[in-house]
Every structure is written in structure tokens, then in C-alpha cells.
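Below is one structure, written out as C-alpha cells; comments come after it.
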Amino acid sequence: MSIRQQIIDLAKKCDADIVGFAPASRFDKDDAIFRIFPNVKTVIGMGFRILRGIFRGVEEGTTYYQYTTMGVENLEETVMPMALLRVANLVESEGFIAVPQRRSPLILNEEGTTNPEVDYTDVYHGVKAENQIDFLDCAVKCGLGEKSMIGSLLTPEYGPFIRYCFILTDMEIEETPMLKPSLCDNCGECIKACPGRAIDENGKTNSWRCAVYYNGANGSKNPFMPPEAFANFDHKKKMDIINGTAEFDDEEAKNILDNIFFYPPAKHFYRTSICGRACDRACYIHLEEKGLLTKKFNRPFREKQDWKLSTEQFENYGKENKDNE
């Protein structure tokens with residue numbers, strides 16, 4: 001059996017669902033892969049699906065921790081690192097170097113941005129982040145999937161329900177063809193689904209708006225938000241935040257995030273996604289309805305109209321006391 005097939009088989013035994021190989025020639029000479037490992041000849045990519053069932057609680061408006069604990073935390077902190085180590089060990093047993101590349105959720109390339117998946121106070125900038133690989137670019141070049149209009153990875157099998165990691169090696173391995181884009185049709189369903197209008201019409205995401213609503217600032221999509229939420233804000237501002245229409249800068253976003261205590265976080269820095277990746281779910285539903293996903297299920301992902309809660313309790317909170325003054 002070829003070493004290529006051994007890598008694929010081992011990666012899949014370690015729960016990778018998609019495995020691809022990109023030759024170093026697909027990358028620009030100044031790409032971070034060459035700064036990290038100048039002798040790199042191949043990038044090995046591994047994709048891990050996020051189970052559809054993990055989103056059920058969000059779809060039903062009941063429990064939310066499954067996506068964050070199982071679809072983010074356990075994949076990123078347990079499953080993917082183990083797969084990286086096992087495959088890297090195989091590569092090095094053949095006498096070649098293997099450099100695992102796992103995304104750091106706390107280090108960002110762009111100043112003035114944040115990662116919605118973690119507490120903004122834990123994020124670092126200016127720590128040689130330019131020497132982190134471009135994970136999305138590597139995924140596309142390894143043939144794992146294509147880039148969507150909002151910069152997510154779409155795979156033919158699982159749509160946007162995927163997370164991924166890589167190994168840089170000086171072993172030359174037969175390449176995987178890059179996929180011809182065929183999934184994203186710029187429908188904009190991802191943009192419309194965001195409860196905080198964090199994605200503009202061109203598909204650019206404001207990371208601070210995303211963080212605010214990822215964490216659950218929209219009362220119509222957060223069944224855990226108490227009536228007294230944001231009571232220390234000006235009433236109009238409070239209602240604009242809760243309705244997802246508020247305008248705010250980065251510093252105001254931090255203040256809003258500091259006032260969101262509606263659901264506990266996971267263990268390893270990760271914040272619970274109250275929006276439940278609404279953009280990804282809308283994308284997945286669109287792809288499934290068009291029949292573009294190769295992984296089929298017995299039932300459609302969304303079987304009834306998307307739910308929405310009344311925000312009347314937030315509007316009325318405090319009014320009784322004021323009326324009695």
C-alpha cells in the first residue's frame with residue numbers, strides 16, 4: 001500500500017472525513033508555509049465534519065452547548081490534535097519531517113478584530129501572527145472544498161459543517177485536484193440569516209458585530225435572555241441591541257459583550273454560540289434544498305419554519321416602576 005493511502009486510511013481512522021494533498025508549488029513563494037518550514041514539499045489537509053445532530057438544540061431553541069462543546073471544543077482540542085499527531089507520527093516514521101498546523105483561536109492576523117468563538121479579552125495581536133498559515137487558502141488548495149462568498153469553506157459532502165487542520169511535510173505526495181467552484185451561488189441566505197446583521201452585502205463580516213450576536217445579544221433568537229437584559233443601557237439602545245439593529249463601534253461591542261451572561265461558556269476559552277452559526281445553517285439548508293450535497297440524510301435539516309421569539313418582555317421591563325413614579 002502506498003504511503004499516500006496509508007495516510008488517508010490512518011486519518012480517517014482518526015475521524016477525519018476528508019483528506020487532501022497540495023503540492024508546495026500551489027503556494028506563492030512568500031506564503032507562510034515556507035517561513036514555517038522552508039523545505040515543505042506537500043501540505044496534507046484533513047477535514048472533520050460537524051455533525052448535523054449537534055445543531056438540533058439550536059434549531060429547536062432548547063439546548064445550545066452541544067454545538068460548542070462537541071462541534072468546536074472537542075473537535076479542536078481533542079479529535080483534531082490526536083489525528084494530527086497520529087498522521088505526523090506516520091510521516092516521520094518514514095524518515096520525513098511533519099509539522100502539524102492547528103488553528104490558534106487566540107491569535108489573529110488582523111489588528112482591531114476579534115474571534116467570536118472566544119472571549120475577546122483572551123485574543124492576542126502582534127505576536128508574529130503573519131507566520132500562521134492561511135487555513136482557508138490551504139483547505140482550498142488541498143482540494144477539501146471551495147470558498148464561499150463570506151469566506152467559509154464549503155465541501156461537497158458537508159457544506160459549511162466542517163473544521164480542518166494541516167501537516168507540512170518534506171515528503172512528496174501525489175496531489176489532490178482542487179475543486180471547481182460549484183456550491184456557492186451568492187444566494188445571500190447566509191447574510192439574511194445573521195441575527196445581528198454582521199455580514200454586509202459583499203459578504204464581509206464585521207467580527208465585533210458577529211461576536212456580539214454569536215454570544216446571544218438578539219432577544220428574538222435567545223430563549224435564555226432574561227427580561228432585565230441590558231437594563232443598564234439607554235432604553236432605545238437596549239432595544240436596538242436586542243432587535244439586532246444597533247450601531248456600535250468596537251469599544252461599544254466590548255461593553256455589550258461584558259453584559260452578556262445568559263449562558264455558560266465551554267472549558268477551553270470557547271464561548272457558547274447562541275446564534276448557532278445561523279449563517280452556516282442557512283447555507284447548509286440552501287445547499288441541501290438544491291440537492292448539491294453528496295452526503296444524504298433521511299430527513300431535511302429544517303422541517304418547519306424558523307422560530308422567532310417576541311421581544312415584548314424587554315420592551316416592557318422597568319416600565320411598571322416608571323409608571324408608578
Side-chain angles (χ1 to χ4, degrees), residues 3-4 7-8 10-12 14-50 72 75-77 79-88 90-92 96-110 113 115 117 127-184 203 205 280:
I3 186 62
R4 185 182 193 274
I7 289 171
I8 292 172
L10 178 58
K12 292 192 173 183
C14 294
D15 294 323
D17 295 284
I18 311 171
V19 184
F21 305 88
S25 58
R26 284 184 182 166
F27 296 82
D28 294 335
K29 295 301 181 183
D30 61 350
D31 194 278
I33 67 166
F34 298 109
R35 292 196 295 273
I36 295 168
F37 184 32
N39 295 319
V40 60
K41 295 291 190 299
T42 304
V43 178
I44 304 170
M46 294 182 284
F48 300 75
R49 62 173 150 165
I50 303 170
V72 180
L75 277 182
E76 292 283 350
E77 303 295 335
V79 176
M80 292 162 63
M82 183 58 67
L84 281 171
L85 287 172
R86 292 285 300 279
V87 174
L90 172 60
V91 171
E92 296 214 343
F96 296 91
I97 299 297
V99 185
Q101 295 295 293
R102 170 176 172 257
R103 192 192 305 270
S104 171
L106 303 183
I107 301 176
L108 300 182
N109 286 321
E110 295 183 50
T113 61
N115 178 0
E117 293 186 337
V127 286
K128 299 291 184 183
E130 70 273 10
N131 287 333
Q132 281 201 109
I133 65 172
D134 184 328
F135 279 77
L136 176 61
D137 181 63
C138 282
V140 172
K141 287 176 177 172
C142 283
L144 301 185
E146 67 177 75
K147 181 179 178 180
S148 76
M149 69 175 294
I150 63 170
S152 59
L153 183 70
L154 301 183
T155 67
E157 301 89 349
Y158 312 107
F161 292 176
I162 196 80
R163 300 185 82 92
Y164 39 93
C165 55
F166 303 92
I167 293 173
L168 311 182
T169 179
D170 55 348
M171 178 189 292
E172 293 189 7
I173 306 173
E174 181 186 348
E175 66 188 56
T176 301
M178 292 175 62
L179 298 182
K180 181 179 179 181
S182 61
L183 298 172
C184 183
T205 299
D280 286 346

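Among residue pairs with one or both ends in residues 38-48, none qualify as salt bridge (Lys or Arg N to Asp or Glu O under 4.0 Å); sequence neighbours excluded. Under the salt bridge (Lys or Arg N to Asp or Glu O under 4.0 Å) criterion, the residue pairs touching residues 164-178 are R26-E175, with sequence neighbours excluded. Pairs passing the salt bridge (Lys or Arg N to Asp or Glu O under 4.0 Å) check and including a residue from residues 140-155, sequence neighbours excluded, read D137-K141. The list of ring pair (Phe, Tyr, Trp, His ring centres under 6.0 Å) pairs with a residue in residues 141-162, not counting sequence neighbours, reads F55-F161, F161-Y284, F161-F301.
With sequence neighbours excluded, the residues that form a side chain to side chain donor-acceptor pair (under 3.5 Å) with T176 are R4. Not a single salt bridge (Lys or Arg N to Asp or Glu O under 4.0 Å) links D31 to another residue, sequence neighbours left out. With sequence neighbours left out, R86 forms a salt bridge (Lys or Arg N to Asp or Glu O under 4.0 Å) with no residue at all. Under the ring pair (Phe, Tyr, Trp, His ring centres under 6.0 Å) criterion, F96 pairs with no residue, sequence neighbours left out. Every side-chain contact (heavy atoms from CB on, under 4.5 Å) that V79 has, sequence neighbours left out, goes to D15, F48, L75. Qualifying side chain to side chain donor-acceptor pair (under 3.5 Å) partners for S152, counting only residues two or more places apart in sequence or in other chains: S148. Applying the side-chain contact (heavy atoms from CB on, under 4.5 Å) criterion to A88, with sequence neighbours excluded, gives A98, P100, I167.
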Side chain to side chain contact (heavy atoms under 4.5 Å, CB included) assessment of M80 paired with R102: CA-CA 8 Å; M80 292 162 63; R102 170 176 172 257; 5.9 Å; no

Show your reasoning for whether side chain to side chain contact (heavy atoms under 4.5 Å, CB included) applies to V99 and I36. CA-CA 9 Å; V99 185; I36 295 168; 4.1 Å; yes

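Closest non-hydrogen pair, A22 versus F27, comes out as CB-CE1, 4.0 Å. Scanning both residues, F166 and A139, for their nearest heavy atoms gives CZ-N, 3.4 Å. Smallest separation of non-hydrogen atoms from T113 and L108: OG1-CD1, 3.5 Å. Closest approach of I97 and T169 over heavy atoms only: O-OG1, 2.8 Å. The two residues T155 and L144 make their nearest non-hydrogen contact at CG2-O, 3.3 Å. Annotation for L183 and P156: closest pair CD1-N, 3.7 Å, computed over non-hydrogen atoms.
Atom CG of L90 and atom CG of L10 lie 5.5 Å apart (nearest 0.5 Å). S104 OG to N115 CG: the interatomic distance, rounded to the nearest 0.5 Å, is 9.0 Å.
The backbone N or O of I133 lies less than 3.5 Å from no partner atom in the side chain of Q101, so there is not a single donor-acceptor pair. Remark: the backbone N or O of C165 is not paired with any side-chain donor or acceptor of R103 at under 3.5 angstrom.
Evaluated for a side chain to side chain contact (heavy atoms under 4.5 Å, CB included) with D17, the options M46, K12, R49 yield exactly one hit, R49. Of the residues listed (I50, L154, I18, D280), the one engaging I162 in a side chain to side chain contact (heavy atoms under 4.5 Å, CB included) is I18, and it is the only one.
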